[in-house]
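All values reported here derive from a predicted model rather than from experimental measurement.
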Amino acid sequence: MYDLGDLVEMKKPHPCGANRWEITRMGADIKIKCTNCGHVVMLSRQEFEKKLKKVLVRKADAENSEKSE
């Protein structure tokens, strides 16, 4: 589904214009950081899953592709 370090897209874009977020903390709450302006938002897991549109880049996939090159 999603994990720490993944880049995700939310349903609504951030006011700075970007719609790409990095997951920086996971637990009962999930902390995400805007990749454009660096703004940090903490959401409950339930709220995060409701607002999540899709996972853009999985951290594990990105690391595997770097190792194979």
Problem set entry | Main-chain N/O of Gly5 paired to Arg58 side chain as donor or acceptor, under 3.5 Å | no
Exercise. Do Asn19 side-chain atoms and Met10 backbone N/O form a donor-acceptor pair below 3.5 Å?
Worked result: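 Yes, Asn19 side chain to Met10 backbone: donor-acceptor pair under 3.5 Å.
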Problem set entry | salt bridge (Lys or Arg N to Asp or Glu O under 4.0 Å) involving Lys53 - partner list, sequence neighbours excluded |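 Only Glu9 meet the salt bridge (Lys or Arg N to Asp or Glu O under 4.0 Å) criterion with Lys53.
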Problem set entry | Other cluster members, Val57 - Ile/Leu/Val/Met/Phe/Trp/Tyr, side-chain contacts below 4.5 Å |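 Val57 shares its hydrophobic cluster with Leu7, Leu56.
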Exercise. Taking only residues two or more places apart in sequence, or in another chain, which ones meet Glu49 in a side chain to side chain donor-acceptor pair (under 3.5 Å)?
Worked result: Tyr2
For this session: State, with a plain yes or no, whether a side-chain heavy atom of Cys16 is found less than 4.5 Å away from one of His39.
Result: no
List, one per line, each side-chain donor-acceptor pair under 3.5 Å for residues 24-36, sequence neighbours excluded.
unit_1 : atom_1 : unit_2 : atom_2 : d
Thr24  : OG1    : Lys31  : O      : 3.2
Arg25  : NH1    : Asp29  : O      : 3.4
Thr35  : OG1    : Arg20  : O      : 3.0

Exercise. Does Ile23 share a hydrophobic cluster with Val40, counting links as ILVMFWY side-chain heavy atoms below 4.5 Å and allowing steps through other members?
Worked result: no
Problem set entry | Distance in Å, Trp21 CH2 paired with Leu52 CG, rounded so as to fall on 0.5 Å steps | 12.5 Å
